[in-house]
Amino acid sequence: AQTVTQSQPEMSVQEAETVTLSCTYDTSESNYYLFWYKQPPSRQMILVIRQEAYKQQNATENRFSVNFQKAAKSFSLKISDSQLGDTAMYFCAFMNNYQLIWGAGTKLIIKP
Amino acid sequence: SAVISQKPSRDICQRGTSLTIQCQVDSQVTMMFWYRQQPGQSLTLIATANQGSEATYESGFVIDKFPISRPNLTFSTLTVSNMSPEDSSIYLCSVDTRGDNEQFFGPGTRLTVL
């Protein structure tokens, strides 16, 4: 069975610092997609970044970037120059055959 | 992406009653998904709703409890039937607008059952 593990239930950093959220997954598939979603207190689930497994290059979206290590089945999210608006739950998700498998989430708090 | 709306945004219901949640998308999409997010938990897929076919339910979810309609390519409803306090959750719909495995979510419906 495919599983996604986020080992950090909660993290807290000062504004403007860089923070890395960890995610590991388990699958026997070779073609799949990985995502990071953000859920602020408003509960809206927002797609932050995606990575296709067949791409070696790590995805980046402005201040957000990933470190994708396929052999290690690791998919961490780095947030640079963190902002107060980054405070949210962050979920790592794995997709194969249109079904998303979710991690338990990491609560990220950005302190002023 | 797509603009997705859900109604109601929240509701408080009595046990034994039913609530129908609506999901409206501003573009035509083939695949729509319904998720449940229990308090402090991650998301669990309830079912996949494709227009023109019966919804496909995940293990642990049945049509009698969570009937789904998908009358056209922009709209779907999820009904939570015969509710109990254990059904208190956020219910979210999502869509894959481009068929590229990227799902976008509605704002969610917060349901509290007393």
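Below, read A as the first sequence line, B as the second, and so on, with proteins coming before strands; counting in each chain starts at 1. Note that the coordinates shown come from a computational prediction; the quantities given were computed from them, not determined experimentally.
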* For the candidates B:T44, B:L43, B:D96, B:L92, which exhibits the highest count of non-hydrogen atom pairs separated by less than 4.5 Å from chain A? -> B:L43

If I measure from the heavy atoms of chain A, does [X] come under 4.5 Å with its side chain, its backbone, both, or neither?
X      : result
B:T109 : backbone
B:I90  : side chain
B:Q37  : side chain
B:E102 : both

Considering only heavy atoms, which portion of [X] lies under 4.5 Å from any heavy atom of chain B: side chain, backbone, both, or neither?
X     : result
A:E52 : neither
A:M45 : both
A:R50 : side chain
A:Q6  : neither

* Counting only heavy atoms not in A:N62, do more than 12 sit closer than 6.0 Å to its CG atom? -> no

* Asked: NZ of A:K78: more than 12 outside heavy atoms within 6.0 angstrom?
  -> no

* Given the side-chain rings of A:F75 and A:Y25, with only the six-membered ring counted for Trp, is the space between their centroids under 6.0 Å? -> no

* **Any donor-acceptor N or O pair under 3.5 Å, side chains A:Q2, A:Q99** => no

* Side-chain heavy-atom pair B:L45, A:W102 within 4.5 angstrom cut-off -> no

* Give the ring-plane orientation class for B:F105 versus A:Y37, where under 30° counts as parallel, over 60° as perpendicular and anything between as tilted. => perpendicular

